[in-house]
Amino acid sequence: MNANVAKLMNEQINKELYSAYLYLDFSIFYEQQGLDGFANWYMVQAQEERDHAMLFLKYLQLNGEKAELDAVGKPDKEMKTLMDPLKFGLEHEQYVTSLINDIYAAAYEVKDFRAMQFLDWFVKEQLEEEKNADDMIKKMELFGNDSKGLYSLDSEYAARVYTAPSLVL
């Protein structure tokens, strides 16, 4: 496996674990606001991000590479309004998309087709992640200022359940 691609994938493990921490922080924020549904949505999101890290770790191991763990940074977003985590979430997903694109570009450069095929799932996943984050912002803008609308959104997000990624390695 190309050393640069392996290095970027190792770094991505840490970025995915940071994403899980960030979303746990969002979940805690919403729990404190009494919005259990929003808290649930981000708790599920944190589980997804942890699994994304595990997929990168497993891919490296399957390719004979050593997975290297680094310290996971403490989330540093200051949340004051109910909209803040939603906007921070979209920004973060756009950042993660750029990271996935960088790994894909590095794999493409060295014709690592196996890595590219593995990353195809993440490219599609990031489209979904950004769309979900954008939709949450739009819904909050439309309904969040009305208590009944906010209650309805919270109930919708409470129904989200975790499903493990269907990516086969």
* Quick one: side chain to side chain donor-acceptor pair (under 3.5 Å) partners of T81, sequence neighbours excluded? -> D84
* Structure fact -> Looking only at heavy atoms, the pair that brings L86 and M140 closest together is CD1-CB, 3.6 Å
* Asked: Shortest non-hydrogen contact from Y59 to R114?
  -> OH-C, 3.3 Å
* salt bridge (Lys or Arg N to Asp or Glu O under 4.0 Å) contacts touching residues 126-150 (sequence neighbours left out) -> K131-D135, D134-K138, K139-E156
Counting only pairs under 3.5 Å, give me each side-chain donor-acceptor contact of residues 20-34, with atom names and distances, residues two or more places apart or in other chains.
{"residue": "Y23", "atom": "OH", "partner": "E93", "partner atom": "OE2", "Å": "2.5"}
{"residue": "S27", "atom": "OG", "partner": "A39", "partner atom": "O", "Å": "2.8"}
{"residue": "Y30", "atom": "OH", "partner": "L82", "partner atom": "O", "Å": "2.5"}

* Structure fact -> Nearest heavy-atom contact between V5 and A115 is CG1-CB, 4.3 Å
* Asked: Residues two or more places apart in sequence or in another chain: which of them pass side chain to side chain donor-acceptor pair (under 3.5 Å) with Q61?
  -> none
* Asked: Do H92 and S19 get their side chains close enough for a donor-acceptor pair, meaning under 3.5 Å?
  -> yes
If you look only at distance, which donor and acceptor atoms sit under 3.5 Å apart when one is on a side chain in residues 99-108 and the other is two or more places apart or in another chain?
{"residue": "N101", "atom": "ND2", "partner": "T97", "partner atom": "O", "Å": "3.4"}
{"residue": "Y104", "atom": "OH", "partner": "D120", "partner atom": "OD1", "Å": "3.0"}

* **Over all atoms of both residues, closest heavy-atom pair of N63 and M1** => CB-SD, 4.0 Å
* Asked: Which residue pairs pass the salt bridge (Lys or Arg N to Asp or Glu O under 4.0 Å) test when at least one of the two sits in residues 11-22, sequence neighbours left out?
  -> K7-E11
* Counting distance only, does the side-chain N/O of N10 pair as donor-acceptor with the main-chain N or O of E68 below 3.5 Å? -> yes
* Are the charged groups of K80 and E78 less than 4.0 angstrom apart, N to O? -> yes
* Structure fact -> N14 and A71 have their tightest heavy-atom pair at ND2-O, 2.8 Å
* Asked: Taking all atoms of both residues into account, what is the closest heavy-atom pair of F118 and M9, and its distance?
  -> CD2-CE, 3.9 Å
